[in-house]
Amino acid sequence: MIVVMKRSATKQQLQKMVSHVESLGLKPTIIQGTERTVVAVVGDERAAANIGALESDPGVDEVLKVLAPYKLASLEVQPTPTVVTAGSLKVGGSDLGVMAGPCSVEDEEQIVASAQAVRAAGATALRGGAFKPRTSPYSFQGLKEEGLKLLAVARAETGLAIVTEVVAPEDVGLVAEYADVLQVGARNMQNYRLLEAIGKVQRAVLLKRGPSATVDEFLLAAEYVLDAGNSQVMLCERGIRTFEAHTRFTLPLATVPYLQARTHLPVVIDPSHGTGHTELVPAMARAAVAAGADGLIIEVHPQPEQALSDGYQSLSFSEFEQTMAGCRNVAQAVGKTMADTTAPCPTA
Ligand code: PEP
Ligand code: MN
């Protein structure tokens with residue numbers, strides 16, 4: 001439910017409304033728009049008697065029911081786009097943010113070289129996994145805290161914001177000490193204790209869609225983070241599982257306009273996991289920008305053939321540079337702003 005306050009409503013009237021909502025056993029979230037202030041009311045409305053009484057409180061214009069199952073993520077509650085800002089990274093509205101780097105942090109030379117190359121090509125954040133959720137327990141599991149320290153070195157060298165995955169609720173504090181953006185991996189999209197823990201820290205979140213999750217389930221997962229108090233959430237489409245086997249996953253780009261018609265949260269596309277093949281990544285990155293994506297996350301490695309994880313879908317430095325040039329052309333055509341390259345382009 002949304003309580004829309006009158007333009008003329010005073011601070012005291014808003015406070016009174018918040019207390020009234022709380023007294024009904026429901027949770028109020030104040031959303032200060034440019035035009036109006038609204039109070040999003042979440043909780044089990046069926047259990048709250050006298051909910052209709054909110055309408056007659058002073059300063060209230062109208063009380064509307066939110067029809068979507070997700071509330072705080074809904075455009076009905078917040079009609080203006082959320083812009084997620086984390087250090088050098090800005091994603092949402094007219095800003096197209098690009099997060100790029102290796103699947104896993106492997107050593108200092110690899111991560112620092114990757115950071116310098118992706119920054120020179122126009123990326124605004126460095127991705128790199130330190131805690132890796134792998135399908136097989138025998139695969140490389142990441143350098144863990146040592147990997148986080150190497151990411152901090154790369155940030156100090158380049159100024160790029162760090163995007164890295166957190167796989168367990170008990171690791172959130174540690175990863176948040178190093179990361180600018182906490183990534184929730186596809187395998188963890190419905191790990192509700194993890195979502196709640198992430199919602200309680202002041203770090204931007206990149207929430208990846210589970211390969212078999214519906215869009216409503218995806219938005220409800222985001223709702224857990226928002227409901228826990230963290231409004232800086234990006235939604236990442238990274239491909240879903242279908243019967244098709246020519247790509248690693250099937251990347252549904254229709255998710256971009258579909259989500260944008262329902263949520264104010266920025267939508268990021270991952271063409272690396274979405275296709276699983278290096279040669280398909282540049283075209284799908286451009287297509288994502290054409291579809292209106294607010295951000296991209298792309299795997300890039302100094303020597304993809306030697307990568308400890310996901311080398312088969314990683315771009316080399318020169319392939320990434322070309323991909324960015326293509327994306328920049330498309331971004332201009334669709335009215336999105338991409339950061340300028342700040343240093344001479346590297347050679348691969
Ligand atoms: C990754 O970003 O390297 C990763 C493991 O992604 P996903 O959770 O989408 O599989
Ligand atoms: Mn990967």
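Atoms within a ligand are numbered from 1 in the order they appear, just like the ligands themselves.
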Any salt bridge between [X] and [Y], counting N to O under 4.0 Å?
X: Lys149; Y: Glu146; result: no
X: Asp61; Y: Arg36; result: yes
X: Arg203; Y: Asp180; result: no
X: Glu299; Y: Arg127; result: yes
X: Asp95; Y: Lys90; result: yes

Task: Short side-chain donor-acceptor distance under 3.5 Å, Gln32 and Thr37 - done: yes
Open item on the list: Checking side-chain polar atoms at under 3.5 Å, does Glu319 have a donor or acceptor matched by the opposite partner on Ser316?
Closed with: yes
What atoms in ligand 1 come closer than 4.0 Å to a heavy atom of [X]?
X: Arg238; result: 7 (P), 9 (O), 10 (O)
X: Lys132; result: 1 (C), 3 (O), 5 (C)
X: Ala186; result: 7 (P), 8 (O), 9 (O)
X: Gly185; result: 8 (O)
X: Cys103; result: 3 (O)

TODO: Using distance alone, decide if ligand 1 has a nitrogen or oxygen within less than 3.5 Å of any nitrogen or oxygen in Arg187.
DONE: yes
- [ ] Answer yes or no: does an N/O atom from Asp310 fall short of 3.5 Å to an N/O atom of ligand 1?
- [x] no
- [ ] Answer yes or no: is there a side-chain heavy-atom contact under 4.5 Å between Val175 and Thr164?
- [x] yes
Open item on the list: Do Val184 and Leu194 make a side-chain contact, defined as non-hydrogen atoms from C-beta onward lying under 4.5 Å apart?
Closed with: yes
Write out the residue and atom name of the closest protein heavy atom to [atom], then the distance separating them to 0.1 Å.
atom: atom 6 (O) of ligand 1; result: Lys208 NZ, 3.0 Å
atom: atom 2 (O) of ligand 1; result: Arg127 NH1, 2.7 Å
atom: atom 4 (C) of ligand 1; result: His273 NE2, 3.4 Å

Open item on the list: Within 45 degrees of the ring normal and closer than 6.0 Å to the centroid, is that where the cationic atom of Arg134 sits relative to Phe140?
Closed with: no
TODO: Would you check whether Arg209 reaches within less than 4.0 Å of ligand 1, judged by its heavy atoms?
DONE: no
TODO: Using side-chain contact (heavy atoms from CB on, under 4.5 Å) as the criterion, list what pairs up with Lys336, not counting sequence neighbours.
DONE: Leu96, Asp294, Ala331, Val334
Task: Polar protein atoms near the Mn ion (ligand 2) [N, O or S; cut-off under 2.8 Å] - done: Cys103 SG, His273 NE2, Glu299 OE2, Asp310 OD2
